[in-house]
Amino acid sequence: MMHLLTILITAIFLENFVLNQILGICPFIGVSNKMDSAIGMGLAVTFVMLLAGVSTWCVNEYLLIPLHLEYLQTIAFILIIASLVQFIEMVIKKTAPNLYQALGVFLPLITTNCAVLGVSLLNIKKGYGLLETTFNSLGGGLGFFLALIIMASIRERLELAELPEAMKGAPIALITAGLLATAFMGFSGLV
């Protein structure tokens, strides 16, 4: 059990997809303007990452490897992720139309979010079993969620701050992201 907890904590803090591996920057910067859209996107990405990690592991283990089709991993994984995102999009549109509007174009972009594909490929590369894949995928999603929430809370406060005109918007967002990444790098000294 300790091994699984280590995988989870490592995925959240040490190998954070956004702040350490620099994957998924587009939705990270694009949706972190407001807390409510950041929460919605974070939950959607976490859910998709978890399902994608488990689904892709199963497809790889029980279909691609037995048929010696490992070279189709990337294509198969992208198709699985796209299907999951379409499902999530339909559910959010039906159950939370305001959140669906707030997320806008970024919801379908989860399909091309390289962090989601990254977690699936890393699970295979690290040779994880199903349980380890589940914890790593959940940790990757929670790490993305954590980074998004922290960024959204800082950006909401920065809206109230007096900043030079040239620093408003994307410049201060990128500086903030860089400082967050530097702060998260401090966790790597714990291992």
**Q** In the hydrophobic clustering (ILVMFWY, side-chain contacts below 4.5 Å, transitive), which residues join Ile65, or is it alone?
**A** none

**Q** Under a 4.5 Å side-chain heavy-atom rule over Ile, Leu, Val, Met, Phe, Trp and Tyr, are Phe135 and Val54 clustered together?
**A** yes

**Q** Tell me, with the steps shown, if Tyr128 and Ile7 meet side-chain contact (heavy atoms from CB on, under 4.5 Å).
**A** CA-CA 10 Å; Tyr128 284 159; Ile7 289 173; 4.0 Å; yes

**Q** Report the distance from atom CZ of Phe187 to atom CG of Leu19, rounding to the nearest 0.5 Å.
**A** 10.0 Å

**Q** Taking the side chain as C-beta and beyond, is there a heavy-atom pair between Leu180 and Ile154 under 4.5 Å?
**A** yes

**Q** Would a hydrophobic clustering, with Ile, Leu, Val, Met, Phe, Trp and Tyr connected at side-chain separations under 4.5 Å, put Val116 with Leu23?
**A** yes

**Q** Do Asp36 and Met41 come close enough that some side-chain heavy atom pair is under 4.5 Å?
**A** no

**Q** Between Asn60 and Phe77, is any pair of side-chain heavy atoms under 4.5 Å apart?
**A** yes

**Q** Between Ile12 and Leu146, is any pair of side-chain heavy atoms under 4.5 Å apart?
**A** yes

**Q** Say you draw a straight line from CD1 of Ile78 to OG of Ser83; how long is it, rounded to the nearest 0.5 Å?
**A** 12.0 Å

**Q** Let's go through Ile175 and Leu179 carefully: what are the C-alpha distance in whole Å and the side-chain angles of both, what is the deciding distance for side-chain contact (heavy atoms from CB on, under 4.5 Å) to 0.1 Å, and is it a yes or a no?
**A** CA-CA 6 Å; Ile175 290 170; Leu179 291 172; 4.2 Å; yes

**Q** Using only atom types and a distance under 3.5 Å, with no angle test, would you say the side chain of Ser37 pairs donor to acceptor with the backbone of Val31?
**A** yes

**Q** Taking Thr134's backbone N and O only, do any of them form a donor-acceptor pair with Ser137's side chain (distance below 3.5 Å, no angle check)?
**A** no

**Q** Measure the spacing between OG1 of Thr56 and CD1 of Ile81 and express it to the nearest 0.5 Å.
**A** 6.5 Å

**Q** Could you give the distance from CD (Glu61) to CD1 (Ile124), rounded to the nearest 0.5 Å?
**A** 7.0 Å

**Q** With a 4.5 Å limit on heavy-atom distance, are the side chains of Leu122 and Phe17 in contact?
**A** yes

**Q** Can you give me the closest heavy-atom contact between Thr46 and Leu142, atom names plus distance?
**A** OG1-N, 3.9 Å

**Q** Specify the closest pair of heavy atoms between Pro171 and Ala166, including all atoms of both residues, with the distance to one decimal.
**A** CG-O, 3.3 Å

**Q** Could you give me the CA-CA distance, side-chain angles and deciding distance for Phe145 and Phe47, then say whether side-chain contact (heavy atoms from CB on, under 4.5 Å) is met?
**A** CA-CA 10 Å; Phe145 181 73; Phe47 186 67; over 6 Å; no

**Q** Which atom pair, heavy atoms only, marks the closest approach of Ala11 to Gly140?
**A** CB-N, 3.6 Å

**Q** Please lay out, stage by stage, how Met35 and Ile39 fare under the test side-chain contact (heavy atoms from CB on, under 4.5 Å).
**A** CA-CA 6 Å; Met35 184 62 77; Ile39 290 171; 3.9 Å; yes

**Q** Working to the nearest 0.5 angstrom, can you tell me the gap between Glu159 CD and Arg157 CZ?
**A** 13.0 Å

**Q** Hydrophobic clustering (ILVMFWY, side-chain heavy atoms < 4.5 Å, transitive) - are Ile25 and Val119 grouped together?
**A** yes

**Q** At their closest point, which heavy atom of Asn113 faces which heavy atom of Pro27, and how far apart are they?
**A** ND2-CG, 3.6 Å

**Q** Indicate yes or no for a side-chain donor-acceptor contact from Asn136 to the backbone of Glu132 under 3.5 Å, with no hydrogens or angles considered.
**A** no

**Q** For residues Ala147 and Val18, report the shortest heavy-atom separation together with the two atoms involved.
**A** CB-CB, 4.3 Å

**Q** Do Leu160 and Met167 land in one hydrophobic cluster if side-chain heavy atoms of ILVMFWY residues count as linked below 4.5 Å?
**A** no

**Q** Counting C-beta onward and ignoring hydrogens, is there a side-chain heavy-atom pair between Leu63 and Leu69 closer than 4.5 Å?
**A** no

**Q** With a 4.0 Å cut-off, would you call Lys94 and Glu89 a salt bridge?
**A** no

**Q** Nearest 0.5 Å, what's the NZ-CD distance between Lys168 and Glu162?
**A** 8.5 Å

**Q** For Lys93, give me all partners under salt bridge (charged side-chain N to carboxylate O under 4.0 Å, His left out), at least two apart in sequence or on another chain.
**A** none

**Q** If every non-hydrogen atom of Glu156 is compared with every non-hydrogen atom of Asn33, which pair is closest and at what distance?
**A** CG-O, 3.6 Å

**Q** Mind checking whether Leu174 and Ile29 have side chains closer than 4.5 Å, heavy atoms only?
**A** yes

**Q** Are Ile75 and Ile110 connected in a single hydrophobic cluster, I mean Ile/Leu/Val/Met/Phe/Trp/Tyr linked by side-chain heavy atoms less than 4.5 Å apart?
**A** yes

**Q** Can you tell if the side chain of Phe184 reaches within under 4.5 Å of the side chain of Asn20, non-hydrogen atoms only?
**A** no

